[in-house]
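Here is how names work: the chains are called A, B, and so on, in the same order as the sequence lines, proteins then strands, and each is numbered from 1.
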Number of protein chains: 2
Amino acid sequence: MTGSAAQHLPEALLRPVRGHHAFEACVEQLGTAIRLGVFPLGSALPAERELAARLHVSRATLREAMAALRQAGLVETTRGRGGGTVVTLKPRTPSARAALRVTAVKRQDWLDALEYRRVVEPGAAALAAQLELTDVRREQLERAHEEVAHAGRPAPHRQADSRFHLTIAAMSESPRLIEAVTSVQSTLHEMLLAIPVLDTNIAHSDRQHATVVRAILAGRPDRARKAMENHCDDTAALLRGLLG
Amino acid sequence: MTGSAAQHLPEALLRPVRGHHAFEACVEQLGTAIRLGVFPLGSALPAERELAARLHVSRATLREAMAALRQAGLVETTRGRGGGTVVTLKPRTPSARAALRVTAVKRQDWLDALEYRRVVEPGAAALAAQLELTDVRREQLERAHEEVAHAGRPAPHRQADSRFHLTIAAMSESPRLIEAVTSVQSTLHEMLLAIPVLDTNIAHSDRQHATVVRAILAGRPDRARKAMENHCDDTAALLRGLLG
DNA sequence: CACGAATGGTCTGAGTTCAGACCAATTTAC
DNA sequence: GTAAATTGGTCTGAACTCAGACCATTCGTG
């Protein structure tokens with residue numbers, strides 16, 4: 001028996017091979033993107049055929065998802081050339097009531113997301129700082145940062161914050177990291193809807209954003225990572241506190 | 001137009017909603033686990049009903065996957081009580097010939113995996129070091145480490161190395177990190193099959209493993225992370241060199 | 001030996017997903 | 001104003017996946 005030491009591994013490793021049905025996954029991904037502000041209010045989603053191709057899903061399945069989003073009031077659709085599907089969802093304001101329904105499993109998942117975030121977001125920031133960014137990219141980053149500072153409170157600010165973090169992830173140019181940050185921001189967004197955070201922290205948070213941006217633009221990976229770690233730590237401490 | 005700055009995000013963010021069909025995903029996950037040594041030669045897989053439940057897949061689908069693994073010679077199955085499915089695959093020795101078929105896309109994916117690894121594995125090591133490990137866990141870690149040092153060359157050593165890294169990930173107790181490390185080790189394994197590495201590096205690698213283990217057992221997160229970063233950097237440099 | 005328990009093997013009917021062709025509405029180009 | 005292009009809307013038959021019941025084989029227990 002060569003490998004009895006591996007006894008504990010299958011236990012930890014075997015995980016669901018995929019989450020749920022294809023159309024549910026589409027609803028979730030598109031809904032999340034809309035709520036995070038990747039597709040802001042009034043903007044158009046890609047055409048069905050393109051979207052289906054992007055998500056590796058048949059058009060029929062994608063359309064089921066679109067119907068769900070339409071029914072939920074997130075988007076509206078018009079036909080013909082120049083038509084398409086447009087975002088109609090106004091950013092929601094956090095409500096404390098949702099916090100009551102937090103199960104133990106979800107709580108555990110949220111805490112895990114905070115740990116994970118503190119690994120992947122600083123990693124993405126460091127990677128972004130390490131690359132030679134084009135002028136276009138540098139501008140995108142500065143723009144995303146400005147929008148956070150100038151966004152209204154509280155819902156638009158939340159979306160702008162998500163976009164800021166996702167923009168940094170995109171700068172890393174690592175598909176795996178981009179996916180990791182997207183998934184973690186989605187969970188974070190869910191948490192923040194259930195656990196409203198006070199305005200007081202926003203100024204602090206914005207100062208930390210500025211530090212991260214400076215480090216990335218200056219090409220200082222270690223500094224960028226450290227700055228993002230501080231930011232994640234502070235946010236996490238706040239959320240863990242409110243989670244009890 | 002509130003969010004024109006987000007123009008670049010959908011481009012980077014929209015990703016396939018799921019990889020492939022369920023049974024292909026099962027084949028991949030189980031095949032990977034077997035090749036990585038999570039299920040060593042001669043060990044038994046969990047019973048079909050349990051595996052199906054674990055992978056969130058119907059038994060019918062799981063059985064299709066099992067049939068594929070059986071046909072590929074990775075496992076053998078016997079019936080009746082005390083029967084089950086047993087691993088028959090001997091660890092493969094790397095062959096240089098496979099390297100010829102590396103497409104540009106795959107090459108890009110491999111390089112991404114190296115970047116990603118350098119983020120998630122040090123993160124997992126730090127998290128593991130930060131937790132209060134039970135005696136059982138400490139022993140599992142030491143055991144996994146010893147096995148790497150004592151494993152035969154080259155294929156069993158490769159498996160033991162995977163198990164070692166996966167063990168550290170499991171110690172982090174973060175489902176997201178465990179999945180990240182599993183996925184990255186799978187890609188790494190694929191790379192190492194195509195790009196054989198010389199024995200010379202193994203001694204160096206083992207010394208780095210020892211440093212990581214010491215830091216984790218001593219409860220020094222920063223030290224553990226740094227040590228794992230060095231290890232990832234050295235492995236990555238080697239592989240990038242051989243990839244050209 | 002007989003029975004129970006655990007395992008893989010088989011079957012069925014319903015629901016999901018797919019690829020692709022085709023229809024309908026609308027705007028743009030000429 | 002007409003034609004082309006682009007978009008969403010609809011339909012079909014095949015393949016995949018599911019849940020669950022039931023069968024066959026083997027081992028341990030009494």
Side-chain angles (χ1 to χ4, degrees), chain A residues 10 14-31 33-34 39 42-89, chain B residues 10 14-31 33-34 39 42-89:
Chain A
L14 291 176
R15 61 198 144 92
V17 87
R18 64 181 190 187
H20 12 267
H21 290 169
F23 107 92
E24 286 171 353
C26 291
V27 171
E28 182 176 323
Q29 180 165 342
L30 292 173
I34 291 170
F39 299 105
S43 68
L45 268 52
E48 289 183 354
R49 288 167 177 83
E50 189 196 330
L51 209 44
R54 290 286 210 90
L55 302 187
H56 278 34
V57 125
S58 76
R59 212 183 135 211
T61 302
L62 176 77
R63 279 180 55 73
E64 275 191 75
M66 295 292 242
L69 294 175
R70 218 173 300 131
Q71 190 168 4
L74 275 72
V75 298
E76 277 174 7
T77 299
T78 57
R79 289 217 265 184
R81 178 166 178 165
T85 301
V86 162
V87 175
T88 57
L89 175 79
Chain B
L14 291 177
R15 59 196 144 92
V17 87
R18 62 183 191 186
H20 10 265
H21 290 170
F23 106 92
E24 287 171 351
C26 290
V27 171
E28 182 175 324
Q29 180 165 341
L30 292 173
I34 291 170
F39 299 104
S43 68
L45 268 52
E48 289 183 353
R49 287 166 178 84
E50 191 196 329
L51 253 190
R54 289 285 210 92
L55 302 187
H56 278 36
V57 123
S58 76
R59 215 185 132 208
T61 301
L62 177 77
R63 278 180 57 71
E64 275 191 75
M66 294 294 243
L69 294 175
R70 218 173 300 133
Q71 189 168 4
L74 275 73
V75 298
E76 276 174 7
T77 299
T78 56
R79 291 216 265 185
R81 176 167 181 164
T85 301
V86 162
V87 175
T88 56
L89 175 79

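- Straight-line distance from the CG atom of Leu55(A) to the C1' atom of dC18(C): 15 Å, rounded to whole Å.
- Ionic pairing of Arg63(B) and Glu48(B) is present here: one or more N-O contacts between side-chain nitrogen and carboxylate oxygen are shorter than 4.0 angstrom.
- Between Ala60(A) and Gly82(A), the residue anchored nearer the 5' end of DNA chain C, judged by the nucleotide with its closest heavy atom, is Ala60(A).
- Nearest to the side-chain atoms of Arg79(B) among the listed nucleotides dG9(C), dT17(D), dT17(C) stands dG9(C).
- Taking the side chain of Arg63(A) as heavy atoms from C-beta on, and the options dG8(D), dC18(D), dT17(C), the nearest nucleotide is dG8(D).
- One N or O on the side chain of Thr88(A) and one on the backbone of Leu74(A) form a donor-acceptor pair closer than 3.5 Å.
- Atom-to-atom, CG of Leu51(A) to P of dT7(D) comes out at 12 Å; the value is rounded to the nearest Å.
- Of the possible donor and acceptor atoms, none in the side chain of Ser58(A) sits under 3.5 Å from a partner among the backbone N and O of Ala52(A).
- Counting non-hydrogen atoms under 4.0 angstrom, Gly84(B) reaches the backbone sugars and phosphates but no base.
- Per the geometry, CZ belonging to Arg59(A) stands 11 Å off C1' belonging to dC22(C), to the nearest Å.
- For Arg81(A) and Gly80(B), each mapped to the nucleotide of DNA chain C holding its nearest heavy atom, the one lying further toward the 5' end belongs to Gly80(B).
- Counting heavy atoms from C-beta outward, Arg49(B) and Arg59(B) have side chains that approach closer than 4.5 Å.
- For Ala22(B), the side-chain atoms get nearest to dC18(D) when compared with the rest of dG28(D), dT28(C), dC18(D).
- Counting to the nearest Å, the C1' atom of dA19(D) and the CD atom of Glu48(B) are 15 Å from each other.
- Side-chain proximity of Thr61(A) to the nucleotides dG9(D), dT27(C), dC18(C) is greatest for dC18(C).
- For the pair His21(A) NE2 and dG15(C) P, the interatomic distance rounds to 12 Å; values are reported in whole Å.
- The nearest whole Å value for the distance from the CG atom in Leu62(A) to the P atom in dT17(C) is 12 Å.
- Taking atom CZ of Arg49(A) as the reference point, atom C1' of dG8(D) lies 7 Å away to the nearest angstrom.
- Rounding to whole angstrom units, CG of residue Leu45(A) and C1' of dG8(D) are separated by 13 Å.
- By the 4.5 Å heavy-atom criterion applied to side chains, Ile34(B) and Val75(B) are counted as neighbours.
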